[in-house]
Number of protein chains: 14
Amino acid sequence: MDSITLIAIVSIITAGLTISIGVIAPALGEGRAVSTALSSLAQQPDAATTITRTLFVGLAIIESTAIYCFVVSMILIFANPFWNYAITGAAGK
Amino acid sequence: MDSITLIAIVSIITAGLTISIGVIAPALGEGRAVSTALSSLAQQPDAATTITRTLFVGLAIIESTAIYCFVVSMILIFANPFWNYAITGAAGK
Amino acid sequence: MDSITLIAIVSIITAGLTISIGVIAPALGEGRAVSTALSSLAQQPDAATTITRTLFVGLAIIESTAIYCFVVSMILIFANPFWNYAITGAAGK
Amino acid sequence: MDSITLIAIVSIITAGLTISIGVIAPALGEGRAVSTALSSLAQQPDAATTITRTLFVGLAIIESTAIYCFVVSMILIFANPFWNYAITGAAGK
Amino acid sequence: MDSITLIAIVSIITAGLTISIGVIAPALGEGRAVSTALSSLAQQPDAATTITRTLFVGLAIIESTAIYCFVVSMILIFANPFWNYAITGAAGK
Amino acid sequence: MDSITLIAIVSIITAGLTISIGVIAPALGEGRAVSTALSSLAQQPDAATTITRTLFVGLAIIESTAIYCFVVSMILIFANPFWNYAITGAAGK
Amino acid sequence: MDSITLIAIVSIITAGLTISIGVIAPALGEGRAVSTALSSLAQQPDAATTITRTLFVGLAIIESTAIYCFVVSMILIFANPFWNYAITGAAGK
Amino acid sequence: MDSITLIAIVSIITAGLTISIGVIAPALGEGRAVSTALSSLAQQPDAATTITRTLFVGLAIIESTAIYCFVVSMILIFANPFWNYAITGAAGK
Amino acid sequence: MDSITLIAIVSIITAGLTISIGVIAPALGEGRAVSTALSSLAQQPDAATTITRTLFVGLAIIESTAIYCFVVSMILIFANPFWNYAITGAAGK
Amino acid sequence: MDSITLIAIVSIITAGLTISIGVIAPALGEGRAVSTALSSLAQQPDAATTITRTLFVGLAIIESTAIYCFVVSMILIFANPFWNYAITGAAGK
Amino acid sequence: MDSITLIAIVSIITAGLTISIGVIAPALGEGRAVSTALSSLAQQPDAATTITRTLFVGLAIIESTAIYCFVVSMILIFANPFWNYAITGAAGK
Amino acid sequence: MDSITLIAIVSIITAGLTISIGVIAPALGEGRAVSTALSSLAQQPDAATTITRTLFVGLAIIESTAIYCFVVSMILIFANPFWNYAITGAAGK
Amino acid sequence: MDSITLIAIVSIITAGLTISIGVIAPALGEGRAVSTALSSLAQQPDAATTITRTLFVGLAIIESTAIYCFVVSMILIFANPFWNYAITGAAGK
Amino acid sequence: MDSITLIAIVSIITAGLTISIGVIAPALGEGRAVSTALSSLAQQPDAATTITRTLFVGLAIIESTAIYCFVVSMILIFANPFWNYAITGAAGK
């Protein structure tokens with residue numbers, strides 16, 4: 001196993017695990033937030049404007065943590081500095 | 001084991017794990033959201049319009065995290081840059 | 001162990017694990033949704049139309065995550081690009 | 001260990017694990033759905049028709065995820081394309 | 001370790017694990033269903049006919065997932081196509 | 001380690017694990033069912049006949065999953081086809 | 001390590017694990033049943049006869065699953081057919 | 001490592017694990033039973049006789065599962081048939 | 001590593017694990033029993049005599065499972081028959 | 001495997017794991033905070049100003065822990081002192 | 001690695017693990033007992049004498065299980081019979 | 001693998017794990033504190049000053065545990081005494 | 001790896017694990033006790049003296065289990081008899 | 001790998017793990033304590049002085065367990081007796 005293969009393998013595994021583990025908590029947290037929003041709407045329909053606005057701000061903040069993981073995953077697949085260093089070295093030989 | 005085989009193996013495993021682990025939380029979160037929507041509908045049938053609209057927006061946001069995983073999984077199977085690099089190298093020999 | 005055998009083994013294991021792990025959360029989520037639908041029906045029989053319609057839309061969205069896994073599993077068994085590449089290479093020798 | 005033995009072993013293990021892991025969630029989900037159906041029937045006997053109909057539709061959808069696993073398990077035992085490829089190759093020698 | 005021994009070992013382990021893991025969820029689900037049925041009977045003795053009928057249909061569907069596992073386990077012990085292939089090959093030598 | 005010893009070892013381990021893991025869920029499920037039966041009896045002593053009858057039918061169905069495991073365990077100890085094949089082969093030498 | 005030692009070791013480990021894992025669920029289930037029986041007695045002292053009788057029948061059924069494990073454990077220690085085969089073979093040399 | 005040492009090691013480990021794992025569930029179950037007994041006594045002091053009698057019968061049955069493990073553990077330390085066979089063989093050399 | 005060292009090592013590890021794992025459940029069970037006793041005393045101070053007596057009997061029974069583990073742990077350290085056999089053999093050389 | 005490859009591999013894995021594990025708790029905590037905010041808004045619409053302000057301060061503090069992980073992850077990918085030391089050494093040869 | 005080093009290593013690890021694992025359950029159990037005592041005092045201040053006395057007796061019994069572990073841990077560090085045997089043997093050479 | 005590489009690798013892994021594991025509990029604890037603060041504000045808007053002040057003091061104390069981990073993580077990356085010792089030794093050669 | 005290094009390594013790891021694992025349960029138990037104390041104070045401010053006194057006695061007892069672990073950890077770092085024996089032996093060479 | 005490198009590696013890992021594992025429980029416990037304090041303040045604003053004072057004493061005691069871990073972690077990084085012994089030995093050569 002040469003270095004390039006190793007870095008490729010590790011990048012693939014890490015990219016997959018990062019996004020799959022990384023969406024667990026955001027999805028659960030969003031499920032909880034949406035769920036409470038719905039029961040709050042049923043309980044107090046008059047506050048629908050405030051509730052939906054707070055819900056969307058909250059979802060955006062929670063989604064941001066999922067996006068951190070997606071960003072790292074994409075960096076590892078398409079803009080991986082270690083991979084670039086390695087294939088530059090290989091091309092330069 | 002040559003490099004191509006290794007990258008193929010790792011891509012297969014990671015693609016499978018990414019989507020199978022990645023749908024756990026979205027499915028649970030969506031189940032929770034749908035479940036609360038139904039009990040909210042039973043409790044306050046008059047707010048059905050607001051509830052279903054908020055539910056569908058919420059489901060879309062939660063589903064997005066599952067789609068991140070599906071996208072990464074598909075990239076790893078059909079548009080894997082590391083695999084392309086490897087088979088290009090193999091073809092060029 | 002030659003490359004073809006390895007890819008075959010890995011594809012079998014991953015296909016099985018993907019679908020078996022991947023149905024855990026959808027099945028639990030659907031069980032929860034159906035369960036709440038039933039208690040909502042018992043509580044508010046008049047809203048049966050809205051409840052069942054929302055339930056079926058919700059079930060379809062949750063089922064979609066299980067179908068992502070089934071699709072990946074079938075791709076790995078019957079339309080695996082890595083396997084095709086490998087047996088093409090083996091046939092071409 | 002030759003290739004055929006390896007593929008046979010892996011197919012056996014995966015077939016068993018797929019179905020045994022794959023029925024966990026459907027069985028729990030169905031247990032939950034049936035359980036709520038029963039308490040809903042006790043609470044609102046007049047809605048028995050709607051409740052049982054919704055229950056059976058829901059059970060069918062949940063059972064479908066168990067059937068995905070059973071299908072994959074049967075494919076791995078009786079219609080395994082990797083096994084067929086391997087024994088064809090062995091027979092052709 | 002020759003091929004036949006290996007396949008025998010793997011078949012034994014998988015058969016045992018399949019049935020032992022596979023009954024976990026059905027048994028828990030059935031326990032839950034029976035348990036709710038009993039408390040529903042105590043709460044609404046007049047609906048005993050509907051409750052017991054729905055209970056038995058539900059138990060049958062849940063039991064079906066345990067039976068999938070039992071079937072796979074029995075196939076692996078008494079009608080294992082991989083084992084048959086192996087001992088046919090051994091006998092033919 | 002010759003084949004016979006290996007098959008013996010694996011049969012012993014699997015027989016033990018099958019029954020010990022396999023009774024976990026039935027015992028918990030039965031405990032739950034008995035437990036609810038007792039509180040239902042305390043709540044509605046008049047329905048004792050229906051409750052105990054439903055309880056015993058339910059316990060029988062739950063016990064059946066434990067018995068599947070006991071059967072597989074006994075088959076592996078006293079009527080193991082792989083063991084018989086192996087000692088027949090050893091005796092025939 | 002000769003065969004006899006190996007079979008002895010495996011039998012010891014399996015016998016111990018079978019009984020220690022096997023009593024987990026029965027003990028928890030019985031604890032739950034006894035516990036509910038006590039609170040039911042406190043709630044409805046008049047039904048003491050029915051409650052204790054149902055309790056003892058239930059405990060017997062739950063205990064039966066622990067006894068399956070004890071039986072397998074004793075068989076592995078004192079009436080192990082694989083051990084008998086092995087020491088017969090050793091004595092016959 | 002000769003056979004006698006191996007069997008001694010395995011017996012020590014198994015004896016310790018059997019009793020330490022084996023008391024987990026009985027202790028928890030008994031804690032639950034005693035705990036409910038106390039709250040039942042506080043709720044219905046008049047039924048003290050029935051409650052304490054049922055408690056002690058229940059504790060005896062739960063304790064029996066811990067005693068199964070203690071028995072197996074003592075057998076493995078002081079009356080281990082495999083150990084006896086081994087040291088008899090060693091003494092006979 | 002000679003036999004004596006091995007048996008010593010295994011005895012040390014097992015003695016430590018047996019007592020540390022073995023006190024988990026009794027301590028939790030006793031905590032639960034004491035806890036319920038205290039809330040029962042607060043709820044029904046008149047039944048203090050019965051409650052404390054039942055508590056102490058219950059604690060004694062739960063403590064007995066911790067003492068089984070302590071006994072096995074002490075036997076392994078100070079009265080270990082396998083260790084005695086080994087050092088007798090070593091001394092006799 | 002030379003040092004540079006090793007450091008690259010370890011940096012990739014650690015960067016991915018750090019962010020994916022590190023967002024679990026913040027996402028869950030934020031989900032909980034948003035969820036309670038929504039039910040508080042439904043319960044006391046008059047305190048909306050105080051509630052949303054406290055919510056946003058709280059979310060910022062919780063998000064800060066996710067940002068610690070993102071910072072460490074970015075440092076490991078783009079400003080890794082160990083990597084810089086290694087490639088400086090490699091370039092200087 | 002000679003025997004003395006090995007026994008020293010194992011004693012260190014086991015001593016640490018025994019006390020660290022062994023205090024988990026007592027600390028949790030005591031936390032529960034103290035916690036209930038406090039809420040009982042708030043609910044029934046007149047029974048303070050009985051409650052605190054029962055609490056201290058209960059804490060003593062729960063603490064005893066932690067002390068078993070501390071005793072074993074101290075024995076392994078300062079009065080370890082296996083260590084004494086080993087260094088006696090080493091000194092006697 | 002020379003010493004410098006090894007220390008670099010271990011420092012990277014430990015720095016990442018320390019911060020990612022270390023923020024789990026603070027984030028959950030802060031989520032809980034914020035969540036209760038919000039429901040307390042909704043319940044008692046008049047005590048808003050006391051509640052928010054206590055909340056911020058509490059958050060600061062909880063955040064301090066996350067900062068301990070961040071400090072250790074930064075020390076390991078930028079002020080690691082072991083790394084300094086190693087590269088000083090390497091530079092001095 | 002000579003003996004001194006090994007004992008040093010093991011002492012470091014064990015000292016760290018002992019204190020980090022050993023504070024889990026005391027911290028949780030104390031958190032629970034403090035938490036109940038606060039809600040008891042809110043419920044019955046008149047019993048503040050008794051409650052705080054009982055709380056501090058309880059905390060001291062729970063803290064004692066954490067201190068056992070800290071003592072063992074410090075002994076392993078600064079007064080380790082096995083380390084002293086080893087460096088005495090090394091110095092004496 | 002020489003001794004110095006090994007001790008450095010182990011010290012780094014242990015220091016990181018000790019603090020990251022060690023803050024889990026204190027952070028959760030403090031979160032719980034703060035959380036209850038807030039709901040108690042909302043419920044009984046008049047007892048604010050007693051509640052905040054008890055809260056801060058409690059937080060200090062819980063924080064002390066986190067500080068034990070931080071102290072051990074700092075000792076391992078900056079005042080490690082085993083490391084000092086090793087580099088003294090290395091310097092003395």
Side-chain angles (χ1 to χ4, degrees), chain F residues 1-2 4-46 48-49 51-52 55-56 59-60 62-63 65-67 69-70 73-74 76-78 80 83 86-87 90, chain G residues 1-4 6-7 9-11 13-37 39-44 46-47 50-51 53-55 57-59 61-66 68-69 71-73 75-76 80-83 85-86 89:
Chain F
M1 281 194 283
D2 54 1
I4 295 191
T5 313
L6 264 171
I7 294 181
I9 289 172
V10 163
S11 300
I12 292 171
I13 295 176
T14 309
L17 283 184
T18 300
I19 189 63
S20 59
I21 296 178
V23 302
I24 291 177
L28 292 178
E30 289 171 8
R32 185 171 192 169
V34 171
S35 160
T36 326
L38 293 169
S39 66
S40 300
L41 282 175
Q43 189 188 335
Q44 192 72 271
D46 297 340
T49 319
I51 288 174
T52 22
L55 173 68
F56 291 158
L59 286 180
I62 301 175
E63 187 78 10
T65 63
I67 288 174
C69 292
F70 193 61
S73 186
M74 286 296 107
L76 291 180
I77 296 181
F78 293 116
N80 190 326
W83 170 255
I87 58 175
Chain G
M1 282 194 284
D2 54 2
S3 298
I4 296 191
L6 264 172
I7 294 181
I9 289 172
V10 163
S11 300
I13 295 176
T14 310
L17 284 184
T18 301
I19 188 64
S20 59
I21 295 178
V23 302
I24 291 177
L28 292 178
E30 289 171 8
R32 185 171 192 170
V34 172
S35 160
T36 325
S39 65
S40 300
L41 282 175
Q43 189 188 335
Q44 193 71 271
D46 298 339
T50 322
I51 288 174
R53 204 186 48 220
T54 310
L55 173 68
V57 172
L59 287 181
I61 292 180
I62 302 174
E63 187 79 9
S64 76
T65 63
Y68 292 166
C69 292
V71 162
V72 170
S73 186
I75 286 174
L76 290 180
N80 191 326
F82 305 105
W83 170 254
Y85 180 88

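Everything numeric in this text was worked out from a predicted model, so none of it was measured. Note that these values count all heavy atoms, side chains included, but never hydrogens, waters or copies made by symmetry. Chain letters run A, B, ... following the sequence lines, proteins first, then strands; residues in each count from 1.
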Item to complete: Could you have a look at Leu28(F), Ile21(F), Ile67(F), Ile7(F) and say which one has the most heavy-atom pairs with chain G under 4.5 angstrom?
Response: Leu28(F)
Worksheet item: Any side-chain heavy atom of Leu41(F) sitting closer than 4.5 Å to one from Ser40(G)?
Response: no
Item to complete: For the pair Trp83(F) and Tyr85(G), name the ring-plane relationship: parallel under 30°, tilted 30 to 60°, perpendicular over 60°.
Response: perpendicular
Practice prompt. Check each atom of Val34(F) against the heavy atoms of chain G and say whether the ones under 4.5 Å are side chain, backbone, both or neither.
Written response: side chain
Worksheet item: Which bit of Leu59(F) is near chain G, if near means a heavy-atom gap under 4.5 Å: side chain, backbone, both or neither?
Response: side chain
Discussion item. Looking at chain G, which one of Cys69(F), Ala42(F), Ser73(F), Gly31(F) has the largest number of heavy-atom pairs inside 4.5 Å, strictly under?
Written reply: Ala42(F)
Discussion item. Looking only at heavy atoms and a cut-off of under 4.5 Å, which of Ile13(G), Val71(G), Thr50(G), Ile61(G) has the most pairs with chain F?
Written reply: Ile61(G)
Worksheet item: Between Ala33(G) and chain F, which part of the residue has a heavy atom less than 4.5 Å away: side chain, backbone, both or neither?
Response: both
Fill in: Side chain to side chain, Phe82(G) and Ile87(F), heavy atoms closer than 4.5 Å
no
Worksheet item: If we only count heavy atoms from C-beta on, is the Thr18(G) to Leu17(F) side-chain gap below 4.5 Å?
Response: no
Worksheet, complete the sentence: Applying a strict 4.5 Å limit to non-hydrogen atoms, the region of Ser39(F) in contact with chain G is both
Fill in: Gap separating the CD1 atom of Ile9(G) from the CD1 atom of Ile12(F), nearest 0.5 angstrom
11.5 Å
Fill in: Among the listed options Thr52(F), Asn80(F), Leu38(F), the residue most often paired with chain G at heavy-atom distances under 4.5 Å
Leu38(F)
Worksheet entry | Any Arg32(F) side-chain heavy atom under 4.5 Å of Thr36(G) side chain | no
Worksheet item: If you tally heavy-atom pairs under 4.5 Å against chain F, which of Ala47(G), Ser20(G), Pro81(G), Ala86(G) wins?
Response: Pro81(G)
Item to complete: Select one option (side chain, backbone, both, neither) describing which atoms of Leu55(F) are under 4.5 Å from chain G's heavy atoms.
Response: side chain
Discussion item. With heavy-atom distances below 4.5 Å as the criterion, would you say the side chains of Ile4(F) and Ser3(G) are in contact?
Written reply: no
Practice prompt. Measure the shortest side-chain to side-chain distance between Phe56(F) and Val57(G) over non-hydrogen atoms and say whether it is less than 4.5 angstrom.
Written response: yes
Practice prompt. Test Ser64(G) against Glu63(F) for side chain to side chain donor-acceptor pair (under 3.5 Å), laying out the working first.
Written response: CA-CA 9 Å; Ser64(G) 76; Glu63(F) 187 78 10; 3.1 Å; yes
Worksheet entry | Nearest heavy atoms of Met74(F) and Val72(G), plus distance in Å | CE-CG2, 3.9 Å
Worksheet entry | CD1-OG1 distance between Ile19(F) and Thr65(G), expressed to the nearest 0.5 angstrom | 8.0 Å
Practice prompt. Could you look at Ile75(G) and say if it's the side chain, the backbone, both or neither that has a heavy atom under 4.5 Å from chain F?
Written response: side chain
